[in-house]
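Worth knowing before you read on, the calculation uses all heavy atoms, side chains too, and leaves out hydrogens, waters and symmetry mates.
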Amino acid sequence: MFKLKNIFKILNPAPPVGAIQITNRVLRYVLLDSNRKILHSEEILINEGDNGLRKALEDLVLNLKKAKVTSRHVVVSLLSDKVYLQNFSLPRVAEGKTAEAVKLNLQLISPLSLDQAYTDAEFWGEATSDKMNFLAAFIERTLIDDVVAVLSGVGFVPVAVEVTPLSLARVLKAVLGEMTGGILAIQLIEDGFQFILFHNGNIAFNSFLKKELLPSGDLNKTKAYLENEFRKIYNFYAGEWGGVVSKIVLVNLGQNKELRGAFLGLGVSVLDFTLGDLGLSDDFASAFGAALRGLISRDADEFISLEGVGTELHYWRDRLLHFLSFWRNVFMTILASMFLVFWGFSYYVGLDLVNKEKTLDDFSKNLGWQEYGKLEEGVNDFNNLVDQIQTIKKNHLSLGDLILNKIASLARGKVFLDNINLKVAERRLVLIGRATFQQNINDLKNDLVKQVDFSGVNLVSIDIVPNQLGDYNFQISLNVK
C-alpha cells in the first residue's frame, strides 16, 4: 500500500538539484545527473561592489535559460573565514533524545552568540560503544541571510547551505575512497589556502589562510610560511590523536610547481587531486562536492545545513506550491472539457428536437383530403411524433447551466465530484465523489435540499465509505423538477 507521501512523489517528482559555490571573487555552478555525469557547469566572476553577487547570479540565470536548464533548486557552498567547525562527543542517550542532546551541546560550545549565529551538527561515527561523535558548524547569521536573500531574489531555491570544507570533504571521499589515519587536504582557491585535516575520513580541523596574510613578493618566505602552517597542524594531530599525518592531498595546486614544492621533502606522501577525468577543472572541486549532495534525496539528507528557515521546509513548501499550480491547471482543463462535452450533448438534443418539429410540420402540410382513407394511420403517426416532441421537451435539461453552474458551485470547496450520472427518462441525477471530511458531504446534501430545482435528495450512511487515501467516497441521488 502506497503512503500518501509516496503518492505525492509520483504526482510531483523531485526536480534536479544543482550546486552553487560562492567565494568573494567567483561563483561556480554544477548540475549532475543520477550517474554523476555533468549536465552543466560554468564559472562567473563576481565584480566588486554591493550588487556584484546579484549581477553574477542574474548572468547565471540567463545562461541556464539558454542551456535549457529549468531547475533552480541548489545546494549552496559558501566560502568564509568566519565559519567554525568543531567536534564533540555525546554519551548514548535514549532513543528519540539524541536531537535534544545535540541541540543542548551546540548551545554550550558555540563560539558565537546564539541569537546571531546559525548552528547545525551531523553524526560522523561512534567513538566507543557508549559514545557518539558529531561535527558541529557555526556561522554568523548575517552572512547566510544576505546570500540566501540574493539567491531567492533571482529565482533560486536553496535546499541546503553548507561551507566549502564540507563540500570538499564529500568529493575527496567520493574520489579517493577510504581515508584512514591522518590526512591533510590543502586547497588553493582565489582568496587563499584552505587546510582541512581528516581523521579516519572525518573532518577533525579546518582553517583558512587568506592570501593577504602571506609574505608578498618573496616566494621562499611564502613557502616557509606554508611549511610552518603544516607543522602546526601536524603537531596538533599528534597531540590530539597520538598519530601522524601520513598524507597530504593537494587540490588545485598541480599546475603551481613553486607552491607545490613547499610541501615536498616534509617526509609525508603527497597526492595531487584532480577532477580531470570528470571533465572539470580542479577549481570546481568544492562545487562538485556540493553537487554530489544534490543527488541525495531530501528525506535522506542529514548533513549540516546553515539557514534560518529549515531548508527541508523551504524545499517542500516550494514543491507543494508547484504541485498545486500544476494540478490546478489540469483540473481546469478537465472541467473545460466536461463543459464542452455537456454543451455538445445539449446542442445535439436541440438539433434533434428541431428535426422532429420539422418532420411534424411537413407531415401536417402534406396531408390532403383526397387521402382520407389513410387518415387514421396518419393520425396515429402524428400523435406519436407529438408524444416524442413532448418527451424531449420535458426531459431536455440545460446541462451546462444545471450541472456545471449549480451543482459545481455547491460542491466547490467541499467535495470533489468524480462522476455525474444523468437518467433522462426518470429526471434523476446521481452524484459520485469524495471528500476529506464527512461533514463536507453532509453540508453538500443540505445545500442540495435547499434548492427549489431539486427534490428527493437522498444520502444514507452506507453511501459514505472511507477509502485507502483517508478520504470518504459518497453517493447522493436527487430528482430534477
Novice: Does atom CD of Glu227 have more than 12 heavy-atom neighbours, drawn from other residues, nucleotides or ligands, at distances under 6.0 Å?
Specialist: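 Yes.
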Novice: Run the numbers on Phe208 and Val83 for side chain to side chain contact (heavy atoms under 4.5 Å, CB included), then give the verdict.
Specialist: CA-CA 10 Å; Phe208 182 73; Val83 62; over 6 Å; no
Novice: For a quick check under 3.5 Å, do Ser286 and Ser167 share a side-chain donor-acceptor pair by atom type?
Specialist: no
Novice: Considering only heavy atoms from C-beta outward, does the side chain of Leu31 approach that of Ser41 to under 4.5 Å?
Specialist: no
Novice: Show your working on side chain to side chain contact (heavy atoms under 4.5 Å, CB included) between Thr23 and Val26 and close with a plain yes or no.
Specialist: CA-CA 5 Å; Thr23 72; Val26 68; 3.3 Å; yes
Novice: Look at Lys211 together with Asp191 and state whether they make a salt bridge at an N to O cut-off of under 4.0 Å.
Specialist: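 No salt bridge links Lys211 with Asp191.
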Novice: Determine whether Leu219 and Leu259 make a side-chain contact, defined as any pair of heavy atoms from C-beta on separated by less than 4.5 Å.
Specialist: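 Heavy-atom side-chain distance check passes, below 4.5 Å.
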Novice: Using distance alone, with no hydrogens and no angle criterion, decide if Ser305 and Glu162 have a side-chain donor and acceptor under 3.5 Å apart.
Specialist: no
Novice: Ignoring hydrogens and angles, tell me if any N or O in the side chain of Ser71 forms a donor-acceptor pair with the backbone of Pro16 under 3.5 Å.
Specialist: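 Checking the backbone N and O of Pro16 against the side chain of Ser71, a donor-acceptor pair under 3.5 Å is found.
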Novice: For a quick test of reading the model, state the closest non-hydrogen atom pair linking Ile46 to Leu53 and the distance between them.
Specialist: CG2-N, 3.7 Å
Novice: Write down the atom of Gln21, the atom of Asp283, and the distance for their closest heavy-atom approach.
Specialist: OE1-O, 3.9 Å
Novice: Hey, does Val251 have a side-chain heavy atom less than 4.5 Å from the side chain of Ile186?
Specialist: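 Side chain of Ile186 against side chain of Val251, heavy atoms only: no contact under 4.5 Å found.
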Novice: More than 12 foreign heavy atoms under 6.0 Å from NZ of Lys173: is that the case here?
Specialist: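 Count over threshold, so yes.
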Novice: Is the closest side-chain donor-acceptor distance between His199 and Tyr237 under 3.5 Å?
Specialist: yes
Novice: Is Glu229 salt-bridged to Lys232, cutoff N-O under 4.0 Å?
Specialist: yes
Novice: Classify the side-chain pair Asp443/Gln439 by whether it contains a donor and acceptor separated by less than 3.5 Å.
Specialist: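 Gln439 and Asp443 do have a side-chain donor-acceptor pair below 3.5 Å.
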Novice: Roughly how far, to the nearest 0.5 Å, is the CD1 atom of Ile139 from the OG atom of Ser80?
Specialist: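 Ser80 atom OG to Ile139 atom CD1 measures 4.5 Å (nearest 0.5 Å).
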Novice: Does Asn252 reach the main-chain N or O of Leu188 with its side chain, forming a donor-acceptor pair under 3.5 Å?
Specialist: yes
Novice: Determine whether Leu166 and Ile304 satisfy the following criterion, side chain to side chain contact (heavy atoms under 4.5 Å, CB included), listing intermediate values before the conclusion.
Specialist: CA-CA 8 Å; Leu166 301 176; Ile304 288 173; 3.9 Å; yes
Novice: Is it true that, when you exclude Asp277 itself, more than 12 heavy atoms of the residues, nucleotides or ligands shown sit nearer than 6.0 Å to its CG?
Specialist: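 Atom CG in Asp277 is not packed in, count stays at 12 or less.
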Novice: Mind listing the closest non-hydrogen atom pair of Ala117 and Arg141 along with its distance?
Specialist: O-NE, 3.0 Å
Novice: A quick test of your reading: do over 12 heavy atoms of other residues, nucleotides or ligands sit less than 6.0 Å from CD of Glu48?
Specialist: no
Novice: If we count only N and O atoms by modelled type, under 3.5 Å, do the side chains of Asn63 and Glu42 hold a donor and an acceptor together?
Specialist: yes
Novice: Would Phe205 and Phe236 count as a ring pair (Phe, Tyr, Trp, His ring centres under 6.0 Å) if you check the C-alpha gap in whole Å, the side-chain angles of each, and the deciding distance to 0.1 Å?
Specialist: CA-CA 9 Å; Phe205 169 83; Phe236 166 77; 5.4 Å; yes
Novice: Between Thr180 and Asn200, is there a side-chain donor-acceptor contact under 3.5 Å, judged purely by atom types and distance?
Specialist: no
Novice: Quick check: do Leu209 and Leu214 have side-chain heavy atoms less than 4.5 Å from each other?
Specialist: yes
Novice: Using a strict 4.0 Å threshold on nitrogen-to-oxygen distance, state whether Asp272 and Arg260 make a salt bridge.
Specialist: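 Answer for the salt bridge query: yes.
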Novice: Report yes if some heavy atom in the side chain of Leu226 is under 4.5 Å from a heavy atom in the side chain of Phe195; otherwise report no.
Specialist: yes
Novice: Measure centre to centre between the rings of Phe284 and Phe288, then say whether the value is under 6.0 Å.
Specialist: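 Between Phe284 and Phe288, the centre distance exceeds or equals 6.0 Å.
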Novice: Ring of Phe303, cation from Arg170 - is the NZ or CZ under 6.0 Å from the centre and inside 45° of the axis?
Specialist: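 So Arg170 does make the cation-pi contact.
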Novice: Anything under 30° is parallel, anything over 60° is perpendicular, the rest tilted; go ahead and classify Phe123 against Phe134.
Specialist: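 Rings of Phe123 and Phe134: perpendicular, over 60°.
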Novice: Could you walk me through whether Leu184 and Val249 satisfy the side chain to side chain contact (heavy atoms under 4.5 Å, CB included) test, starting with their C-alpha distance in whole Å, then the side-chain angles of each, then the deciding distance to 0.1 Å, before giving a yes or no?
Specialist: CA-CA 6 Å; Leu184 177 63; Val249 180; over 6 Å; no
